[in-house]
Amino acid sequence: VQLVESGGGLVQPGGSLRLSCAASGMIFSIYAMGWYRQAPGKQRELVATVSSDGRTNYADSVKDRFPISRDNAKNTVYLQMNNLKPEDTAVYYCHAFPNNWGQGTQVTVSS
C-alpha cells in the first residue's frame, strides 16, 4: 500500500488549503480513509475520517471547517481546510485502514 499526500504549504490565518492523498496497492473503495495530524511536541490526533460508504467523522476542533471527501474512481481522499488557524499548524498524515500511513505533508498557518 502506498499513500502519497500533497497540497500542504504556508497559508495565512483565515485562508484555505486542500490536501490530497492518492492511494495505490489496495482496493481503495472498500476501506475507510482518514486524515490525522501531529503538531510539534504533541501526539498524533484524528482530524477526519470517511468510511467506505461515505460516512464522515470529525474532531470537534475542525468540524464545519475541514470537510473530508473521497473519489473512489481516482483512489483519492481529500481534506478541504477552510478558515485555517495557527493552531492547525502540523504535519498532516493520510491513513488507510487498518494501519497504512502516508509520509505526511506540512501545513503551516502563520501571518
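These values consider heavy atoms only, across backbone and side chains, with no hydrogens, waters or symmetry-generated copies. Start at 1 with the first residue, then count along the sequence.
Here the straight-line distance linking atom CZ of Phe66 with atom OG1 of Thr56 works out to 14.5 Å at 0.5 Å rounding. Leu3 CG to Thr76 OG1: the interatomic distance, rounded to the nearest 0.5 Å, is 10.5 Å. We find the NE2-CD distance between His95 and Glu5 to be 11.5 Å, quoted to the nearest 0.5 Å. Separating the OG atom in Ser51 from the OH atom in Tyr31 is a distance of 14.5 Å, to the nearest 0.5 Å. Remark: Met33 CE to Asn72 CG distance equals 10.0 Å, nearest 0.5 Å. Atoms CH2 and OH, on Trp35 and Tyr78 in that order, are 10.5 Å from each other to the nearest 0.5 Å.
Taking both residues in full, the closest heavy atoms of Met81 and Val107 are given as CE-CG2, 3.7 Å, listed atom of the first, atom of the second, then distance. Val62 and Val47 get closest at one heavy-atom pair: CG2-O, 3.5 Å. Here the shortest heavy-atom pairing between Pro13 and Ser110 reads CD-C, 3.6 Å.
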Give the table of side-chain donor-acceptor pairs shorter than 3.5 Å for residues 15-29, with sequence neighbours excluded, one pair per line with atom names and distance.
unit_1 : atom_1 : unit_2 : atom_2 : d
Ser16  : OG     : Asn82  : OD1    : 3.2

Tell me which donor-acceptor pairs under 3.5 Å the side chains of residues 83-93 have, and how far apart each pair is, sequence neighbours excluded?
unit_1 : atom_1 : unit_2 : atom_2 : d
Asp88  : OD1    : Arg37  : NH1    : 3.0
Asp88  : OD1    : Arg65  : NH2    : 3.1
Asp88  : OD2    : Arg65  : NH1    : 2.8
Asp88  : OD2    : Arg65  : NH2    : 3.4
Asp88  : OD2    : Lys85  : N      : 2.8
Thr89  : OG1    : Pro86  : O      : 2.9
Thr89  : OG1    : Val109 : N      : 2.9
Tyr92  : OH     : Arg37  : NH1    : 2.9
Tyr92  : OH     : Asp88  : O      : 2.6

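Listed by first and then second residue, the disulfide bond (SG atoms under 2.5 Å apart) pairs that reach into residues 48-86 come to none, sequence neighbours excluded.
In this model, no donor atom of one side chain and acceptor atom of the other lie less than 3.5 Å apart for Arg55 and Asn57.
Linking ILVMFWY residues whenever their side-chain heavy atoms come closer than 4.5 Å, directly or via other members, leaves Phe97 and Leu46 in distinct clusters. Val50 and Val4 are assigned to two separate hydrophobic clusters, defined by single-linkage of ILVMFWY side chains at heavy-atom distances under 4.5 Å. Trp101 and Val77 are assigned to two separate hydrophobic clusters, defined by single-linkage of ILVMFWY side chains at heavy-atom distances under 4.5 Å.
In the displayed structure, Asp64 atom CG is contacted under 6.0 Å by at most 12 heavy atoms of other residues, nucleotides or ligands.
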